[in-house]
There are 2 protein chains.
Amino acid sequence: MHVLTWMSLAHRHGRDVVTSDQVAASVNTNAVVIRRTLGRLRDAGLVDVQRGQGAGWRLARAPKDITLLEVYQAVEEDALFALHHGTPNQECPVGRGIQPVLRHVYDGVEDSVRGELAKTSIADVLAETVA
Amino acid sequence: MHVLTWMSLAHRHGRDVVTSDQVAASVNTNAVVIRRTLGRLRDAGLVDVQRGQGAGWRLARAPKDITLLEVYQAVEEDALFALHHGTPNQECPVGRGIQPVLRHVYDGVEDSVRGELAKTSIADVLAETVA
DNA sequence: CCGATTGTAACTAGATTTGTTACATCAAGG
DNA sequence: CCTTGATGTAACAAATCTAGTTACAATCGG
């Protein structure tokens with residue numbers, strides 16, 4: 001969210017293509033860390049990358065057309081809640097039957113999270129950030 | 001959820017007080033791990049503990065009166081989403097302004113998660129588990 | 001060919017989690 | 001009042017994960 005919000009502000013200031021170094025300066029971290037995140041956003045189609053001379057990154061869409069849901073799905077691969085570390089005791093009715101129930105509950109939670117994140121766009125975040 | 005569901009089933013079978021060793025056998029882990037979780041559930045008032053001779057744990061309420069929201073709040077202390085690891089660049093408008101916005105978004109997400117978890121009780125989980 | 005930037009591997013340091021051992025503490029009941 | 005079977009908790013090992021860092025090959029416009 002920080003990365004895309006910063007790119008939106010740069011775009012508004014006329015800077016269309018930005019480098020991972022410039023983004024890293026705002027987040028206050030290393031450029032490689034930013035490139036790892038930008039790579040995922042690129043795989044999700046939210047940003048485009050240019051290599052070679054004059055290389056850098058640009059938003060693939062207008063900020064108002066990028067929802068936080070898309071950012072979440074691009075960046076977060078693990079489920080919000082994990083099941084047991086090990087396998088529960090299969091001799092026990094609860095150990096045997098609980099995992100599908102947990103998955104069902106967790107699916108409902110993830111759905112509600114997705115619905116909530118879909119309500120907000122990067123443009124909304126930028127507007128609230130500079131306010 | 002596994003711990004409380006198992007205790008509900010034990011209660012239904014007439015075993016009112018159970019030990020951390022018995023619960024650990026169903027989860028397939030060490031009793032100390034279970035005691036750590038049960039300690040949090042006790043602090044939240046979801047289970048009662050008895051020490052000394054004949055010690056053990058019992059549900060403090062009927063399973064239908066324990067919601068997954070209460071379990072979540074008892075067991076999970078960290079926020080669902082974390083902010084930046086380090087402090088963003090305060091010289092930058094985005095670095096300076098984005099954290100309150102993130103908190104605002106994350107609060108909305110947590111609220112929707114809580115609302116979802118409040119819909120289900122341990123009794124529901126048990127019914128679905130043994131089905 | 002030059003030069004600036006991306007892509008990515010490899011590594012360190014730190015934090016976190018699970019499981020484990022050990023032992024002090026507790027209280028019911030003989 | 002002592003035995004007994006459990007809890008409470010500290011301390012530690014092993015595994016896993018993340019951020020940050022360094023290094024360098026790959027890319028491509030000019």
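Order of the sequence lines sets the chain letters (A, B, ...), proteins ahead of strands, with each chain counted from 1.
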Using the test side-chain hydrogen bond (donor to acceptor under 3.5 Å, both in side chains), find all partners of [X] that sit at least two apart in sequence or belong to another chain.
X       : answer
D124(A) : S121(A)
R58(B)  : D16(B)
K119(B) : E116(B)
R61(A)  : E70(A)

Just how far, in rounded Å, is [atom2] of [N] from [atom1] of [X]?
X      : N       : atom1 : atom2 : result
R35(B) : dT25(C) : CZ    : C1'   : 12 Å
R42(B) : dT7(D)  : CZ    : P     : 11 Å
R40(A) : dT8(C)  : CZ    : C1'   : 14 Å
D48(B) : dT7(D)  : CG    : P     : 14 Å
N30(A) : dA23(D) : CG    : C1'   : 12 Å

Next on the checklist: Could you work out, with salt bridge (charged side-chain N to carboxylate O under 4.0 Å, His left out) as the rule, every residue matching R103(A), not counting sequence neighbours?
Outcome noted: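 In terms of salt bridge (charged side-chain N to carboxylate O under 4.0 Å, His left out), with neighbours along the sequence ignored, R103(A) is linked to no residue.
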Checklist entry - Which ring pair (Phe, Tyr, Trp, His ring centres under 6.0 Å) pairs, counting each pair once, include a residue from residues 84-127 of chain B, with sequence neighbours left out? => result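 Output for this query lists H2(A)-H84(B), F81(B)-Y106(B).
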Item to check | dG20(D) OP1/OP2 closer than 4.0 Å to side-chain N/O of T29(A) | outcome: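 Checking T29(A) against dG20(D): at least one side-chain N or O falls below 4.0 Å of OP1 or OP2.
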Which donor-acceptor pairs under 3.5 Å do the side chains of residues 45-57 of chain B make with protein atoms, sequence neighbours left out?
none

Next on the checklist: Within this structure, what is the CG-OG distance for the pair L38(B) and S20(B), rounded to the nearest 0.5 Å?
Outcome noted: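 It comes to 7.0 Å.
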Next on the checklist: Using 0.5 Å steps for rounding, measure from the OG1 atom of T37(B) to the CE atom of M1(B).
Outcome noted: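 The distance works out to 13.0 Å.
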Any N/O pairs under 3.5 Å between the protein and nucleotides 10-14 of chain C? List them or say none.
none

Checklist entry - Counting N and O atoms only, with roles assigned by atom type, does the side chain of Q90(B) sit under 3.5 Å from a partner on the main chain of P88(B), one being a donor and the other an acceptor? => result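 Yes, the answer is positive, given that a donor and an acceptor are paired below the 3.5 Å cut-off.
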Checklist entry - Who passes side chain to side chain contact (heavy atoms under 4.5 Å, CB included) against D107(B), sequence neighbours left out? => result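 Once residues adjacent in sequence are excluded, D107(B) has no partner under the side chain to side chain contact (heavy atoms under 4.5 Å, CB included) criterion.
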Checklist entry - Contacts to DNA chain C from residues 82-89 of chain A, heavy-atom cutoff under 4.0 Å, which residues? => result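 Contacting residues: H85(A).
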Nucleotide N/O to protein N/O under 3.5 Å, stretch nucleotides 26-30 of chain C:
from    : atom 1 : to     : atom 2 : distance (Å)
dC26(C) : O2     : G52(B) : N      : 3.3
dA27(C) : N3     : Q53(B) : N      : 3.2

Next on the checklist: Quick one, R114(A) with D111(A), criterion salt bridge (Lys or Arg N to Asp or Glu O under 4.0 Å). Give me CA distance, side-chain angles, the key distance, then yes/no.
Outcome noted: CA-CA 5 Å; R114(A) 281 195 277 268; D111(A) 275 350; 3.1 Å; yes
Checklist entry - Thinking salt bridges, do R40(B) and E77(B) make one under a 4.0 Å N-O criterion? => result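 A salt bridge is present here (some side-chain N lies under 4.0 Å from a carboxylate O).
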Item to check | Contact residues, residues 4-25 of chain B to DNA chain D [heavy atom, < 4.0 Å] | outcome: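 Contacting residues: T19(B), S20(B).
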